[in-house]
Protein chains: 2
Amino acid sequence: MTRKEAILQAATIMFSQSGYKDTSTAEIAKMTGVAEGTIFYHFKNKEKLFLAVLEQTRALIIDEFNSFMSHRQFSSGMEAIETAVSFYMYLSGKFENAFLLLHRYFPYKMAVSVPGCRQHLEAIYDCLVDIFEEAVTAGQKDGSIASMPPRKTALIIFTMVDGVVRFKTYNLYDASALYGDIIESCKKMLRPEQTAEAYF
Amino acid sequence: MTRKEAILQAATIMFSQSGYKDTSTAEIAKMTGVAEGTIFYHFKNKEKLFLAVLEQTRALIIDEFNSFMSHRQFSSGMEAIETAVSFYMYLSGKFENAFLLLHRYFPYKMAVSVPGCRQHLEAIYDCLVDIFEEAVTAGQKDGSIASMPPRKTALIIFTMVDGVVRFKTYNLYDASALYGDIIESCKKMLRPEQTAEAYF
DNA sequence: AAAAAAGCTGAGTGATTGCTCAGTACTATC
DNA sequence: GATAGTACTGAGCAATCACTCAGCTTTTTT
């Protein structure tokens, strides 16, 4: 690992766990084992360093998700939803810092005045919601999912799963205890209406 | 309004919008129109000031919710859920700063080392989840809600609604656009299984 | 091996931070 | 109107901050 990569790694941990203002460049330098000046040699200032962290986070999450979902066949849209939900919860455990960063407020506040920041955040959420939306649309074609607005439905499922992950990250409730229930709730929410006909 | 109350009000806005570290006592003083020393006269330090803000937030949310729900009769548990969800979204708009504060990470980080902080946060979430849980239990008695673990179900509904509110607060998606869909999704999730019998 | 370029250092800087404290202004009690 | 207690002030302090820069070391190019 290059020094630049090492700085980026330490910065990711510090920014996600302590926030932007509460993370000093001196701490990052100490954690990495380099002089403080080295940080400013590779990244011209603290904001650019954070943007590099966010860019890496964006690439990480999108690549992980895309490569997982694309190398897979689903027997139904509903099954795709189940798999995506499970994988999201798995990823949030594997890359805790990345998800903690996305749950904090400061990146979204910075996004208001820093266009590059907004782009990274939007890219991440668009990718994730798109995956759920495609699964909903597929499920509606194959009959495994009821007729309802695909984008809105994808958003609601995403907020539900992400909400549980946030509760875990924030140390309020244990997400893993809700793991099975989340999947079950999704299925109930999405299942097609049972018509009388179905019984004959 | 006393000076102490004015300081508390300004501090609530500043802490919720800028976070803990990024809010200076000088700014709060300037916003309130008092000398910086006045803050330290009423609250002995910055942490105590924040705890006072959190205590006020706790009282605000719990009082609003309890007085709203207790002065009301519901024809079914399902209706109670609908009402609680609607009211939660209404409150999150009315007291944006309070909810933004609860969505930020720093209070939960502080809660690890400051017991009083943890107490306030737990009190707020316990109150809210309890309301949903009671509605689920009532709905299971009157037949409007399917048989499923009440606490876990309450948590899932809560994370869903709170997740949508967070998306709005973080300026990612507009919660109000999902308003009707959230209620509809809850209903689908909670509706009792339709058995063949029901058709005869 | 000389020259050039890239990588890296850490003391130093001006700005900002939370907080103190000696002193002033106001209010209540006698 | 003297006394006492509470409310309030703002200059000042030590600590910390992001960032600079002159100079050193290592690598690459010629």
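Lettering of chains follows the sequences in order, A, B, ..., and the numbering in each one begins at 1.
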Does anything in [range] pair up under salt bridge (charged side-chain N to carboxylate O under 4.0 Å, His left out), and if so which pairs, sequence neighbours excluded?
range: residues 105-120 of chain B; answer: B:Arg118-B:Glu122
range: residues 37-52 of chain B; answer: none
range: residues 82-107 of chain B; answer: B:Glu82-B:Lys187
range: residues 166-177 of chain B; answer: A:Asp162-B:Arg166

**Item:** B:Tyr105 and its ring-ring contact (aromatic ring centres under 6.0 Å, His included) partner, picked from A:Tyr105, A:Tyr20, A:Tyr170
**Value:**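 So the option named by the test is A:Tyr170.
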**Item:** Heavy-atom contact window of chain A on DNA chain D, given 5' to 3' at under 4.0 Å
**Value:**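 That gives a stretch of D:dC17 to D:dT20.
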**Prompt:** A:Lys141: what forms a salt bridge (Lys or Arg N to Asp or Glu O under 4.0 Å) with it, not counting sequence neighbours?
**Reply:**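 A:Lys141 satisfies salt bridge (Lys or Arg N to Asp or Glu O under 4.0 Å) with no other residue.
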**Request:** Output all residues satisfying salt bridge (Lys or Arg N to Asp or Glu O under 4.0 Å) with B:Asp63, sequence neighbours left out; order by chain, then residue number.
**Result:**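 B:Asp63 satisfies salt bridge (Lys or Arg N to Asp or Glu O under 4.0 Å) with no residue once adjacent residues are dropped.
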**Request:** Validate the cation-pi geometry between A:Lys4 and A:Tyr41: distance from NZ or CZ to the six-membered ring centre under 6.0 Å, angle to the ring axis within 45°.
**Result:**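 Verdict for A:Tyr41: no cation-pi partner in A:Lys4.
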**Item:** Centroid separation A:Phe158 to A:Tyr125 less than 6.0 Å
**Value:**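 Ring centres of A:Tyr125 and A:Phe158 closer than 6.0 Å.
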**Prompt:** Has A:Arg3 got a side-chain N or O lying under 4.0 Å from the OP1 or OP2 atom of C:dT9?
**Reply:**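 For C:dT9, OP1/OP2 do have a side-chain N/O of A:Arg3 under 4.0 Å.
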**Message:** Does C:dG7 have its OP1 or OP2 closer than 4.0 Å to a side-chain nitrogen or oxygen of A:Tyr41?
**Reply:**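 Yes, such a contact exists.
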**Prompt:** In residues 43-50 of chain B, which residues come under 4.0 Å of DNA chain C by heavy atom?
**Reply:**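 Only B:Asn45, B:Lys46 qualify.
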**Request:** Specify the residues of residues 14-26 of chain B, ordered by number, for which at least one heavy atom lies under 4.0 angstrom from an atom of DNA chain C.
**Result:**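 DNA chain C contact set from residues 14-26 of chain B: B:Thr23, B:Ser24, B:Thr25.
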**Message:** Protein within reach of the bases, or only the backbone? For nucleotides 21-28 of chain C, mark each nucleotide 5' to 3' as B, S or -, using heavy atoms under 4.0 Å.
**Reply:** --------
**Request:** Please list, chain by chain and in numerical order, all residues satisfying ring pair (Phe, Tyr, Trp, His ring centres under 6.0 Å) with B:Tyr173, sequence neighbours excluded.
**Result:**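 Per chain and number, B:Tyr173 pairs via ring pair (Phe, Tyr, Trp, His ring centres under 6.0 Å) with B:Phe167.
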**Message:** A:Phe99: which residues meet the ring pair (Phe, Tyr, Trp, His ring centres under 6.0 Å) condition with it, sequence neighbours left out?
**Reply:**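 Listed in chain order: A:Tyr88.
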**Rounded distance (nearest 0.5 Å) linking atom OG of B:Ser176 with atom CD1 of B:Ile182** =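 Answer rounded to 0.5 Å: 12.0 Å.
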**Side-chain ion pair, A:Lys152 and A:Glu133, N-O less than 4.0 Å** =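 Salt bridge absent between A:Lys152 and A:Glu133.
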**Prompt:** C:dG12 P sits how many Å from A:Glu36 CD, rounded?
**Reply:**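 That distance rounds to 14 Å.
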